[in-house]
Amino acid sequence: MGEDRGVTQKSKDFSKWYTDVILRCELADYGPVKGTMVIRPYGYAVWENIQKIADKMFKETGHVNAYFPMFIPESFMKKEAEHVEGFAPECAVVTHGGGKELEEPLYVRPTSETIIWAMYKKWIKSYRDLPILINQWANVVRWEMRTRLFLRTTEFLWQEGHTAHATYEEAEEEARRMIEIYRKLLEDYLAIPVIVGKKTEAEKFAGAVHTYTVEAMMGDRKALQAGTSHNLGQNFAKAFDVKFLNRENELEYVYATSWGVSTRLIGAVIMVHGDDKGLVLPPEVAPYQVVIVPIWKSEDEKIKINEYVRNISEKLNAAGIRFYYDDREQETPGWKFNEWEMRGVPLRLEIGPREVASNSVMFARRDVPGKETGSVENVVGLVKEKLTVIQQNLFKKALKFREENTYRVSSYDELNEAMERGGFAIGYWAGTLEDERKIQEETKATIRCIPFEQEGEGKCILTGKKTSTLVVFAKSY
RNA sequence: CGGGGCGUAGCGCAGCCAGGUUCAGCGCGCUUGGUUCGGGACCAAGAGGUCGCCGGUUCAAAUCCGGCCGCCCCGACCA
């Protein structure tokens with residue numbers, strides 16, 4: 001028995017634990033080019049589940065999918081000043097094609113605002129053409145200095161919604177609608193509690209009027225921006241000269257939004273729910289919601305158990321439950337228990353001679369210790385019920401953890417203290433952009449957001465000015 | 001780009017700091033056969049390595065010296 005079986009203890013070295021989990025569970029592997037990542041089938045299956053859920057919600061709110069090119073002419077990138085400033089340094093640029101130097105370098109999209117708005121210019125003439133509610137599932141490239149599997153890689157997968165509207169109010173409504181969808185995606189499906197709010201001037205997206213965010217607390221008490229939605233106002237329409245004739249027959253610039261979530265969400269799931277044994281997946285996105293491990297000694301038992309499991313499999317299939325029957329003979333049951341626990345499967349069914357004899361099933365939940373038995377007749381009902389409970393319990397545990405590590409602060413000293421300890425700090429804020437930078441420098445923490453949920457009035461923790469604005473401070477990824 | 005660490009079998013590592021018959025080793029995994037199987041089974045037999053790359057020192061280099069390359073972790077930029 002070697003010592004390299006499991007993963008590094010989460011409490012011992014969170015960072016190492018995180019990469020261990022990803023590599024050992026075969027979610028992903030390092031690509032040959034620095035900063036790149038191969039998403040392996042088990043990890044990609046999680047992404048596909050996230051995609052399915054998100055895509056359905058987008059469609060339900062009137063959005064349609066499309067695909068825009070990955071190559072963006074350099075001149076497009078330079079049209080929106082703030083945008084260039086924000087992205088140019090981290091772009092990959094193609095200078096050669098077909099063996100010749102290109103006349104105009106092509107940027108590999110770091111995000112698609114520019115190319116999409118160049119197209120919208122062709123498509124939008126009148127208010128009757130609006131709104132345009134397009135989403136795209138794509139890869140983007142950002143030449144990051146420091147990368148980390150799932151959280152920040154040179155190339156990553158995401159969805160980016162790009163909408164065009166006739167009024168500011170409509171764009172604002174859209175931006176808020178989408179951040180609410182992200183909240184739902186995170187909380188109801190990934191079981192990750194989030195704080196929904198607005199980004200400060202210092203933290204907002206390059207080229208946005210407002211940026212909304214969902215912020216989550218990871219297992220090391222750092223914050224992760226899990227999804228963003230921007231009200232871009234008329235900035236991109238102006239940069240790309242996209243005007244429409246409104247009802248009053250006047251030319252007006254179009255209003256825009258953009259919003260996205262990425263494969264970073266998988267990193268969030270790992271860091272929020274994982275434990276010392278490894279990955280813990282919420283049933284809603286787990287590639288396998290259930291794993292069935294058979295236990296047999298004799299050939300005779302094997303035949304009976306296979307038959308018994310076939311019956312269960314058919315029922316689970318019919319109920320649309322994603323499961324895997326691990327009947328490999330080269331591994332022992334004990335080995336499989338550990339393996340699937342490490343891989344985060346929410347629910348395990350153990351079927352041996354005892355279960356067959358008593359028409360029962362042994363259940364082991366990933367989120368709590370211990371096992372319990374249930375009747376095989378009701379196996380689908382029990383599985384469904386347990387998956388629901390697990391899903392809820394993961395959310396509750398994550399919420400409890402966040403609350404235990406969130407502090408109300410009323411002075412700069414208290415903020416410093418809280419940031420030393422780690423976690424979120426909530427306090428009143430009336431500082432300037434410079435004050436914000438100062439805080440970041442001194443505490444290494446940033447204002448994650450101005451939560452939508454506000455209450456009361458108090459004194460700014462830095463300036464002492466009276467304000468009704470509460471903000472969340474935290475160190476972040 | 002700064003700081004730290006690491007490149008030796010598929011993976012994890014020991015051996016380098018006192019160069020040479022403990023120098024090509026260990027654990028896991030892999031292959032074959034058998035016994036096992038309700039919490040990471042055991043026995044036996046096997047396969048597997050340009051010691052990251054280039055150069056130098058030396059009778060002799062995984063080991064010492066110089067250069068290069070790559071990766072990971074920690075900081076500054078970011079979803």
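Naming: A, B, ... by sequence-line order, numbering from 1 per chain. The model shown is predicted, which means the values in this text are computed figures rather than measured ones.
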| task | Tell me which residues in residues 274-289 of chain A put a heavy atom below 4.0 Å from RNA chain B, sorted by number, or none. | result | none
| message | Counting only heavy atoms and a strict 4.0 angstrom limit, can you tell me which residues of residues 350-361 of chain A come near RNA chain B? | response | A:Glu350, A:Gly352, A:Pro353, A:Arg354, A:Glu355
| field | Any pair counted as salt bridge (Lys or Arg N to Asp or Glu O under 4.0 Å), so long as it reaches residues 277-291 of chain A, sequence neighbours left out | value | A:Lys277-A:Glu341
| remark: Sorted by chain and residue number, the side-chain contact (heavy atoms from CB on, under 4.5 Å) partners of A:Pro105 (sequence neighbours excluded) come out as A:Glu74, A:Val93
| field | Partners meeting side-chain contact (heavy atoms from CB on, under 4.5 Å) with A:Pro287 (sequence neighbours left out) | value | A:Tyr42, A:Ala45, A:Val46, A:Leu281
Pairs: protein N or O with nucleotides 73-75 of chain B N or O, under 3.5 Å:
unit_1 : atom_1 : unit_2   : atom_2 : d
B:C73  : O3'    : A:Ser15  : OG     : 3.2
B:C74  : OP1    : A:Ser15  : OG     : 2.6
B:C74  : OP2    : A:Arg146 : NH2    : 2.2
B:G75  : OP2    : A:Arg146 : NH1    : 3.2

Quick one: ring pair (Phe, Tyr, Trp, His ring centres under 6.0 Å) partners of [X], sequence neighbours excluded?
X	result
A:Phe156	A:Trp158
A:Phe150	none
A:Phe14	A:Trp17
A:Trp259	A:Phe58, A:His63

| According to the Watson-Crick and G-U wobble definition with distances under 3.5 Å, which dot-bracket string, read 5' to 3', encodes RNA chain B, using [ ] for crossing pairs and | for pairs with another strand? | ((((((((.[[[[.)....(....]]]].((((((.....)))))).....[[[[[..)....]]]]])))))))....
| Does A:Arg176 make a cation-pi contact with A:Phe452 (under 6.0 Å, within 45 degrees of the axis)? | yes
Short N/O separations, protein against nucleotides 33-37 of chain B, under 3.5 angstrom:
unit_1 : atom_1 : unit_2   : atom_2 : d
B:C37  : O2'    : A:Trp296 : O      : 3.3

